[in-house]
Engineer: 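Pasting a structure below so you can have a look.
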Amino acid sequence: QVQLVESGGGLVQPGGSLRLSCAFSGIPFDASLMAWYRQAPGKQRELVAQLGSALTTRYADSVKGRFTASRDNAMNTIYLQMNSLKPEDTAVYYCTDVGVHWGQGTQVTVSS
């Protein structure tokens, strides 16, 4: 069975940092097919980072320079390092193999 297990969400102050993890199991892992999305209350789900290859990762304009997606192929895990967090980053964050399967989501709240 396919499973995506997320961790790392929580409450952080503006300007702080948080690191999300997503471990994938059940089918062969290909990080180039994985992505991070987020959805804030009352907002559309939006793409945050599309991993692609290690050199071609794409980011939403709103997070460029602040967020970094990475992978550990041996651990079947992708990460999202979030720095300089802003209140508008508050959302439920999801990992996905480009829409085939989704994690359960992890809440990130940026507030003082």
Side-chain angles (χ1 to χ4, degrees):
Q1 56 184 0
V2 176
Q3 189 173 31
L4 284 73
V5 179
E6 301 174 350
S7 62
L11 175 64
V12 65
Q13 293 184 333
S17 297
L18 209 59
R19 189 193 195 202
L20 307 183
S21 300
C22 176
F24 182 84
S25 64
I27 60 174
F29 178 77
D30 185 352
S32 70
L33 300 177
M34 301 196 74
W36 289 96
Y37 282 76
R38 68 185 181 186
Q39 187 167 21
K43 302 292 186 179
Q44 298 285 332
R45 183 182 64 184
E46 65 174 341
L47 177 67
V48 176
Q50 173 74 54
L51 268 70
S53 72
L55 297 178
T56 60
T57 300
R58 298 183 292 109
Y59 298 92
D61 288 342
S62 59
V63 308
K64 283 182 178 178
R66 300 188 297 118
F67 290 10
T68 303
S70 60
R71 73 208 71 202
D72 185 335
N73 290 324
M75 296 295 294
N76 290 6
T77 302
I78 63 169
Y79 305 92
L80 185 67
Q81 178 67 47
M82 305 183 293
N83 299 325
S84 301
L85 283 162
K86 305 174 180 179
E88 52 263 45
D89 295 318
T90 296
V92 178
Y93 284 71
Y94 301 90
C95 65
T96 179
D97 48 350
V98 292
V100 179
H101 304 93
W102 294 84
Q104 79 283 0
T106 185
Q107 176 71 48
V108 172
T109 302
V110 185
S111 176
S112 60

Engineer: Supply the atom-to-atom distance D89 CG to T109 OG1, rounded to the nearest 0.5 angstrom.
Structural biologist: 11.0 Å
Engineer: Within this structure, what is the CD-SG distance for the pair Q3 and C22, rounded to the nearest 0.5 Å?
Structural biologist: 10.0 Å
Engineer: What's the shortest heavy-atom distance between A49 and L80, and which atoms?
Structural biologist: CB-CD1, 4.5 Å
Engineer: Taking the side chain as C-beta and beyond, is there a heavy-atom pair between R38 and E46 under 4.5 Å?
Structural biologist: yes
Engineer: Any idea which heavy atoms bring Y59 and F67 closest together, and the distance?
Structural biologist: CE2-O, 3.5 Å
Engineer: If you compare all heavy atoms of S53 against all heavy atoms of S32, which two are closest, and at what distance to 0.1 Å?
Structural biologist: N-CB, 4.2 Å
Engineer: Using 0.5 Å steps for rounding, measure from the OG1 atom of T56 to the CG atom of L51.
Structural biologist: 9.0 Å
Engineer: Please report the shortest heavy-atom distance between Q50 and A35, naming the atom on each side.
Structural biologist: OE1-CB, 3.7 Å
Engineer: Roughly how far, to the nearest 0.5 Å, is the CG atom of L20 from the CD atom of Q81?
Structural biologist: 9.0 Å
Engineer: Check step by step if side chain to side chain contact (heavy atoms under 4.5 Å, CB included) holds for V63 and M82.
Structural biologist: CA-CA 9 Å; V63 308; M82 305 183 293; over 6 Å; no
Engineer: Got R71 and T57 here, is their nearest side-chain heavy-atom distance under 4.5 Å?
Structural biologist: yes
Engineer: Please examine the side chains of Q107 and T90, heavy atoms only from C-beta on, and report whether any two atoms are closer than 4.5 Å.
Structural biologist: yes
Engineer: Calculate, to the nearest 0.5 Å, the distance between atoms CH2 and CD1 belonging to W36 and I78 respectively.
Structural biologist: 5.0 Å
Engineer: Donor-acceptor check, side chain of T106 to backbone of Y93, threshold 3.5 angstrom: yes or no?
Structural biologist: no
Engineer: To the nearest 0.5 Å, how far apart are OG in S111 and CG in L85?
Structural biologist: 12.0 Å
Engineer: Would you mind telling me which of T96, V98, T77, L4 makes a side chain to side chain contact (heavy atoms under 4.5 Å, CB included) with M34?
Structural biologist: L4
Engineer: W102 and V92: same hydrophobic cluster, using ILVMFWY side-chain contacts below 4.5 Å?
Structural biologist: yes
Engineer: What are the two closest heavy atoms between A31 and N73, and how far apart are they?
Structural biologist: CB-OD1, 3.8 Å
